[in-house]
Amino acid sequence: MRLHDALRWLAADAPVPVFAVAGAGAREAVQRLRLSEELRLVDTPRAGSVLLVAGGIPESLAEPLARVHDALPHPRCTVWWGPESEGIVARFPDSVLVHDDPVGAIVSAHRDLLAGRRRSDPPILPDADPAPWRGVGPYGQGGSGMTGGIPYGRPMAELGPDRDGLRLDVLPVTVGPFFPRFPVGLALDVTLAGDVVVDATVHPNPFVADGSPPLAARPGLAAFVRALAEPVRVAELELARAREHLRWLADALVAHGLPSLGSRVLRLAARVGPGDGASVRDLARTLGWTQVLRWSTAGVGRVAGEDARGIGGPVARAAGAAEDARAEDPAYRALGFAPVLHRGGDAADRWRQRLAEAAQSLDLAARAGDRRAEPRGRVESPRGLLTPESAATTRLLPLLPPLLAGQEWGDAVATLVSLDLDLEEAALVARQVAGAVVG
Amino acid sequence: MRPDASPLVAALAVGGVLLVGVYLVAVLDRVVGAVVAGAPVRVGGLLAGPVRAAALLLVQRYRGTERFDAPGWALAPALLLGLAAVALGLVPLGPDLVAADPATGFVVFSAAIAFVMIAVFLHGWSPNAVFPLHGAYRYAAQALSFQIPFLLAMLATALPAESLSIVEIVRAQASIWNVVRQPLGLPLYLVVGLAVSFWGPLNLPDGADLAEGTSAEDAGVARLLWQAARAAMLVAVAAMGAAGFLGGWWGPWLPGPVWVLVKSVALLVVLVAAGHLLARIRIERFVVVAWAVLIPLALLNVFIAGAVLL
């Protein structure tokens, strides 16, 4: 008993392992928590003591979220941050609700948990097998056959052709909607043959579904959404763009196994101001020797030629297509703006493209003075052309199945990361269209 | 250990060194991480960090996944820890100070490294879940590719010693260390050492793209043990590297065991820093590089070492 108390006392001062789910409007805020010394964001719910749910969570994600919740080991607790999902919170009755400082609330809830002042969250879902095991044999493997179908509710490996012309086991799995390397809400049905993706289909965007809480543009995107309808200072837009690119870079570095470097970039993203292009160029040089632009992304996920046309944004420009709404804007033309381009269109080029654009944006922000971008109903967001009808992510999602098929899983993840998908931005646009139809 | 020391003392000594080594890896990892992240380096917090994190894992209660293989899950970290202990037990701290010095020390070490694949596969297989299993198969591909260059790089060190005993391999470096005699050896050994201990750029079975792969379903004590076992393997690889290439106990002014310690820690720093500074390599590229570049280089290294002896 004494040993147990001593362990609890020691554990109370450890950084709290948090599995964080960033709902609508909360992506930047959750990302900033990576810099907190009192928390440690983890990649799997099994490694967490606290489940943090931030921002708006659509109703359709309530059950997957409950599954994540139940995967946390005891003692555990749930913290909801922000007022957006009050409908769902009711399904997580033991939760702590906070509106401002989540770190303090998480740390104190965790201490209460360890000290026994708070009970560990009971499971939300019934603690039962998803389907009864009725198979023959000690492992209920389903009797005579080892392959095929979904005996007893569990998908089994089946035979399918592989890329070398052999017939090997393929396994259907669903990845998402809270897979840490994907944007929240993105779920894929993937068929894997070993490490290779045979095919992939994308689930519908949960933020678009009926009954989801209303979306407000995230802080990092607010300026671009405003610029659709009103004049916005070029300096503000370009600084927001550079920061959004750097925040993407921070996440991308985590995905490539470099979380410490990711934190450094996140600090830089918060610090940069107009005219800091040189610090981003220094960063680009540093990334040269981490090999992140060579052995982990070169030749991966190529979107080039016809495929890249009409996509817009860094993905198209990385493939040499000079699609940039800023080029049509008189304010940008007066600054001598010309889009940065790369040729290859692979993941490495998209990394280089965003780094170069972040540096260019900071330079532009320094020279823009008080110039304003005129509202023309279309604006170049960090991900590409944003209009009330279309966002870059809506144009990129249909590309995913053919792009991912045939790739190894690690490359598929690297590809997805390099595309910088944003289901919220896509949903924002879809809502606008729906609103227009209703109106 | 002196030859007359009891096996119990030897085992305790190896266990103690492993425990300290694991703690050291955890602290080094935090220090390097904080420096790379540009975060403040607080000595107190960094020193206490691993102990607190371990305490937190020890108080967690966890029931496991659906239909997991309990014996396999429990055995995997124990096996990996045991293999690290076997490898470390072969590393001499001085001419008479070694837990075990079989005449076939190199063969025992090779066998321990070969079994790492079993431990990792078992760890990925047991939870009965997708990502762990995926990681397990990945490590199988990785291990098939790294074992030959790893053992060839080590084998070259046995040539100048004309013995497979690790003590003799160190003794043969009295006048010149293998890192000078075989300049290809240490870089090859370190690259492949990262793959053996699946660390940093070669942490493919437990990588971020698999949400921690074979560890994705680990919680509580199981997570702690697996992390400790991984760190122990890194310690064993570093210590054996110090013995095989950096002259083990040889060095001026300081006593032999201190030299072994200094050299092992230096290699540990290199390995841990690689984890924070090099991106995850693609498995396909690693397999191609291992077979097309590392094995020919390792063979060249062996041929040169042999030619020098003639």
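Just so we're on the same page: letters track the sequence lines, and every chain starts at 1. Note that the structure is predicted; figures quoted are calculated from it, not measured.
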Does one side chain, of B/Asn128 or B/Thr65, offer a donor that lies under 3.5 Å from an acceptor on the other? no
Segment of B/Arg223 engaging chain A (4.5 angstrom heavy-atom cut-off): side chain
Does B/Trp125, at its CH2 atom, have more than 12 non-hydrogen atoms belonging to other residues, nucleotides or ligands within less than 6.0 Å? no
Applying a strict 4.5 Å limit to non-hydrogen atoms, the region of A/Arg76 in contact with chain B is neither
Among B/Gly200, B/Ala39, B/Ala53, which has the most heavy-atom pairs under 4.5 Å with chain A? B/Ala39
Please look at A/Leu253 and chain B and tell me whether the side chain, the backbone, both or neither of the residue comes under 4.5 angstrom of a heavy atom of that chain. neither
Please verify the inter-ring angle class for A/Phe182 with A/Phe179; under 30° counts as parallel, over 60° as perpendicular, anything in between as tilted. perpendicular
Region of B/Arg138 in contact with chain A, defined by heavy-atom distances below 4.5 Å: side chain
Residue among A/Thr290, A/Val417, A/Val265, A/Leu10 with most heavy-atom pairs under 4.5 Å to chain B: A/Thr290
What part of A/Val16 gets within 4.5 angstrom of chain B, counting heavy atoms only: side chain, backbone, both, or neither? neither
Is B/Val289 in contact with chain A via its backbone, its side chain, both, or neither, using a 4.5 Å heavy-atom distance? neither
4.5 Å side-chain heavy-atom contact, A/Glu38 and A/Leu33: no
The single option from A/Arg119, A/Arg117, A/Arg8 passing salt bridge (Lys or Arg N to Asp or Glu O under 4.0 Å) against A/Asp112: A/Arg117
Is it the case that the side chain of B/Arg280 and the backbone of A/Ala255 share a donor-acceptor pair, with hydrogens and angles ignored and the cut-off at 3.5 Å? yes
For chain B, which candidate among A/Pro259, A/Ala47, A/Gly262, A/Pro180 shows the most heavy-atom pairs at distances under 4.5 Å? A/Ala47
Checking B/Phe286 against chain A: side chain, backbone, both or neither under 4.5 Å from a heavy atom? neither
Non-hydrogen atoms of chain B under 4.5 Å away: do they reach the side chain of A/Pro45, the backbone, both or neither? neither
Heavy-atom distances under 4.5 Å only: say whether A/Leu35 touches chain B with side chain, backbone, both or neither. neither
Would you please classify the geometry between the B/Phe150 ring and the B/Tyr189 ring as parallel, tilted or perpendicular, with 30° and 60° separating the classes? parallel
By a 4.5 Å heavy-atom criterion (distance strictly below it), what part of A/Val42 contacts chain B: side chain, backbone, both, or neither? neither
Highest number of heavy-atom pairs under 4.5 Å with chain A: which of B/Ala48, B/Ala219, B/Ala54? B/Ala219
Side chain from CB out, backbone as N, CA, C, O: work out which of these in A/Trp289 comes under 4.5 Å of a heavy atom of chain B, or both, or neither. both
Using non-hydrogen atoms and a 4.5 Å limit, figure out which bit of B/Val59 sits close to chain A: side chain, backbone, both or neither. both
Chain B heavy atoms under 4.5 Å from A/Asp13: which part of the residue, side chain, backbone, both or neither? both
With a 4.0 Å cut-off on N to O distance, would you call B/Arg42 and A/Glu37 a salt bridge? yes
Top contributor to chain B contacts, counting heavy-atom pairs under 4.5 Å, from A/Glu408, A/Gln291, A/Arg264: A/Arg264
Are any of the side-chain nitrogens in A/Arg2 or A/Asp5 under 4.0 Å away from the carboxylate oxygens of its partner? no
Just say parallel, tilted or perpendicular for the rings of B/His123 and B/Trp226, cut-offs at 30° and 60°. parallel
Taking A/Ser418 for the side chain and A/Thr415 for the main chain, is one N or O donor matched with an acceptor at less than 3.5 Å? yes
Does the A/Arg111 side chain pair with the main chain of A/Ala12, one donor and one acceptor, at a distance under 3.5 Å? yes
Can you tell which part of B/His276 gets under 4.5 Å to a heavy atom of chain A, answering side chain, backbone, both or neither? both
